[in-house]
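Beneath this line is the structure, given in structure tokens, with notes to follow.
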Amino acid sequence: MLSPEQLIEYALQARQQAYAPYSQYQVGAAVLTANGEVITGCNVENASYGATICAERVALTRAVAQGQGNFVAIAVATRNGATPCGICRQVMAELGPHMMVYISDQQGQYRTTSVAELLPDSFAGSKLFE
Ligand code: THU
């Protein structure tokens, strides 16, 4: 199984692909599946700012589109080790509620948290069927 440092390295590499001409704030993400697959993403901005997609959601939606599931961890890399935004936390809770989350700066300095810690008491799909 990949180490946190190795998953972060994928996120740092993915960050190089960021399309961030407006904010200049490059973000990379890498999702790890239970069977050891890694799927990466970067932020993709848009002149219509609201159409921007965050790196975490690119990685997770790519993974789903590739038929992957059972996500065990996600690494997110930014210049300064920023935490994922609220929308990304909600998507993480939907697709990978049990994931560990490694939040790294551009030097690879990171901290470890979890989706449950980032989004406690989250709205879950099960509520729709009660
Ligand atoms: N961004 C991400 O990719 N992930 C986050 O969790 C927070 C923000 C991106 C969106 C935008 O391209 C840039 O960072 C500045 O907000």
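Start at 1 and go down the list; that is how both ligands and their atoms are numbered.
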Requested in this report: Quick one, list the residues around ligand 1 where some non-hydrogen atom comes in under 4.0 Å, by chain and residue number.
Outcome: Ser23, Tyr25, Val27, Asn43, Glu45, Thr52, Cys54, Ala55, Glu56, Pro84, Cys85
Requested in this report: Please name all residues satisfying side chain to side chain contact (heavy atoms under 4.5 Å, CB included) with Thr113, sequence neighbours left out, ordered by chain then number.
Outcome: Val101, Ile103, Arg111, Glu117, Leu118
Query raised in the report: Atom CD of Gln107 and atom CZ of Arg79: how far apart are they, to the nearest 0.5 Å?
Result: 11.0 Å
Query raised in the report: Between Gln6 and Ser3, is there a donor-acceptor pair closer than 3.5 Å when you use the side chain of the first and the backbone of the second?
Result: yes
**Report entry** Main-chain N/O of Thr78 paired with Gln26 side-chain donor or acceptor, under 3.5 Å
**Finding:** no
Report task. Ignoring hydrogens and angles, state whether a donor on the side chain of Thr33 or Asn35 is under 3.5 Å from an acceptor on the partner side chain. Result -> yes
Requested in this report: Over 60° means perpendicular and under 30° means parallel, so classify the ring planes of Tyr102 and Tyr110, tilted if in between.
Outcome: perpendicular
